[in-house]
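I have placed the structure first, in the form of structure tokens, so that the comments after it can refer back to it.
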Amino acid sequence: MSKSHSVWVSRPLFPEVLAHLAQYVDLHAETVERKHTAAELREKLADVDGAIIGLSDRIDGEVVAGNRRLRVVSNLAVGYNNFDVPALTAAGILATNTPDVLNETTADYAWALLLAAARRVSSSERWLRAGNWRGNMRFDDWLGVDVHGKTMGILGMGRIGQAIARRAYGFGMPVLYHNRSRLPEAIERECRATWVEKPELLRRADHLMLVLPYNAQNHHAIGAAELALMKPTAVLVNIARGGIVDDAALAVALGEGRLAAAGLDVFEGEPSVHPALRELDNAVLSPHIASASADTRRAMAQLAADNLLAALGHGPDAGHPPSLLNPQVKGRA
Ligand code: DGY
């Protein structure tokens, strides 16, 4: 059957999701994982009605300039700092993302990083695997910092921040948070979380989770000055985006023992990682996998596909993409 819409998928995706898409649209899916240049993106997007886009591909005004056909770009992530949404809106192109389906999985991972960094899971494992555990270990070897009973700080209290906060109750941890706007009282109560100003959060938190969206205002939201306010026994966790933390300043603070440890899933300029961070035993580093459970990555891919199909007028949500970022765009006929 000939299909009226053509769609490009910028990165390899689960076969069942591709098969679902292929029921409705003519599909061109990449089979190799790589970042595309602006020129490649312009070319790929020139002849399609919609695209599913991976985080490493940047879709801005330049990439869609003069494109009269493209109707929707569907991001394969909740964070959409790789999209210039105002430029897409001006061009009349719908933009979507994948919120909510990853909240709990990402919150789990934030805790995994916190616990691993606080209790030296990665560094002690590296030491063991290297064959260093021969005689008796000293009673005061591998001392970490406690997590339970400490004060949890959360910077950025959206849905993932709230999922992190709800878990703190089980660890007996009071929660302080800072967000541009204070949450409704009912949510604060449910999360057992108290709003404080950012400097107070940095001073009082025993451990700090970063869950901010990345944008120009949040660039280096945690830099040398902010790190200087934190406790030397604190663990810093970044599961949000590279660029929110000044990685060079963080490496200095960790190296000088002005911070106990860090758990980092995202980096400035990833996949590059600041060389000083790679050298530090008190930094637990992972390759941007906070949402990477099998169920959640499938759910994200399915939601990205649903958004795209709906924007093109297919499927049960036809005309109403479930997670539209620019509802002011009417969409191209
Ligand atoms: C997101 O969805 O924004 C994550 O960072 C990608 O897994």
Side-chain angles (χ1 to χ4, degrees), residues 9-14 17 30 33-36 51-60 72-85 88 94-114 116 154-164 179 208-219 221-222 236-245 247 262-273 277 284-308 321-326:
V9 182
S10 86
R11 62 188 305 190
L13 216 54
F14 299 103
V17 177
E30 295 299 323
E33 193 68 63
R34 74 179 179 88
K35 179 183 166 83
H36 297 90
I52 295 186
I53 298 292
L55 256 190
S56 58
D57 289 327
R58 175 155 178 82
I59 309 298
D60 56 17
V72 56
V73 282
S74 168
N75 207 28
L76 206 45
V78 62
Y80 51 90
N81 52 303
N82 57 321
F83 279 10
D84 182 340
V85 177
L88 291 169
L94 300 170
T96 64
N97 69 336
T98 62
D100 291 328
V101 290
L102 76 178
N103 294 348
E104 302 301 326
T105 296
T106 306
D108 284 350
Y109 195 78
W111 278 90
L113 280 181
L114 171 60
I154 302 178
L155 185 57
M157 195 65 153
R159 286 164 288 202
I160 296 173
Q162 291 165 35
I164 292 172
N179 211 36
L208 182 67
M209 302 279 203
L210 304 179
V211 208
L212 298 167
Y214 182 71
N215 51 39
Q217 294 76 48
N218 290 341
H219 181 71
I222 300 292
L236 177 73
V237 171
N238 187 6
I239 47 136
R241 279 291 180 271
I244 286 174
V245 175
D247 285 350
L264 307 171
D265 187 48
V266 288
F267 305 89
E268 285 190 281
E270 64 189 45
S272 293
V273 175
L277 286 175
V284 175
L285 312 176
S286 64
H288 202 148
I289 56 168
S291 66
S293 74
D295 286 347
T296 291
R297 283 283 166 96
R298 278 202 171 77
M300 290 168 73
Q302 189 57 51
L303 178 53
D306 290 346
N307 277 321
L308 175 122
S323 30
L324 186 56
L325 295 167
N326 51 358

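Indexing begins at 1, ligand by ligand and atom by atom, following the structure's order.
- Of the candidates L76, V78, N307, N97 forms a side-chain contact (heavy atoms from CB on, under 4.5 Å) with just one, namely V78.
- The shortest side-chain heavy-atom distance between I289 and D265 falls under the 4.5 Å cut-off.
- For R297, there are no salt bridge (Lys or Arg N to Asp or Glu O under 4.0 Å) partners two or more places apart in sequence or in a different chain.
- Salt-bridge annotation for R11 and E33: present, with a side-chain N of the basic residue lying under 4.0 Å from a carboxylate O of the acidic one.
- A side-chain N or O of S10 and one of D57 form a donor-acceptor pair less than 3.5 Å apart.
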Below 3.5 Å only, please: the N or O atoms of ligand 1 paired with protein N or O atoms, distance on each line.
{"from": "ligand 1", "atom 1": "2 (O)", "to": "V78", "atom 2": "N", "distance (Å)": "2.7"}
{"from": "ligand 1", "atom 1": "3 (O)", "to": "V78", "atom 2": "N", "distance (Å)": "3.4"}
{"from": "ligand 1", "atom 1": "3 (O)", "to": "G79", "atom 2": "N", "distance (Å)": "2.9"}
{"from": "ligand 1", "atom 1": "3 (O)", "to": "R241", "atom 2": "NH1", "distance (Å)": "3.4"}
{"from": "ligand 1", "atom 1": "3 (O)", "to": "R241", "atom 2": "NH2", "distance (Å)": "2.7"}
{"from": "ligand 1", "atom 1": "5 (O)", "to": "R241", "atom 2": "NH1", "distance (Å)": "2.7"}
{"from": "ligand 1", "atom 1": "5 (O)", "to": "H288", "atom 2": "NE2", "distance (Å)": "2.7"}
{"from": "ligand 1", "atom 1": "7 (O)", "to": "S291", "atom 2": "OG", "distance (Å)": "2.7"}
{"from": "ligand 1", "atom 1": "7 (O)", "to": "R297", "atom 2": "NH2", "distance (Å)": "3.3"}

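- Remark: of the listed residues L264, T106, L114, T106 is the sole one forming a side-chain contact (heavy atoms from CB on, under 4.5 Å) with I239.
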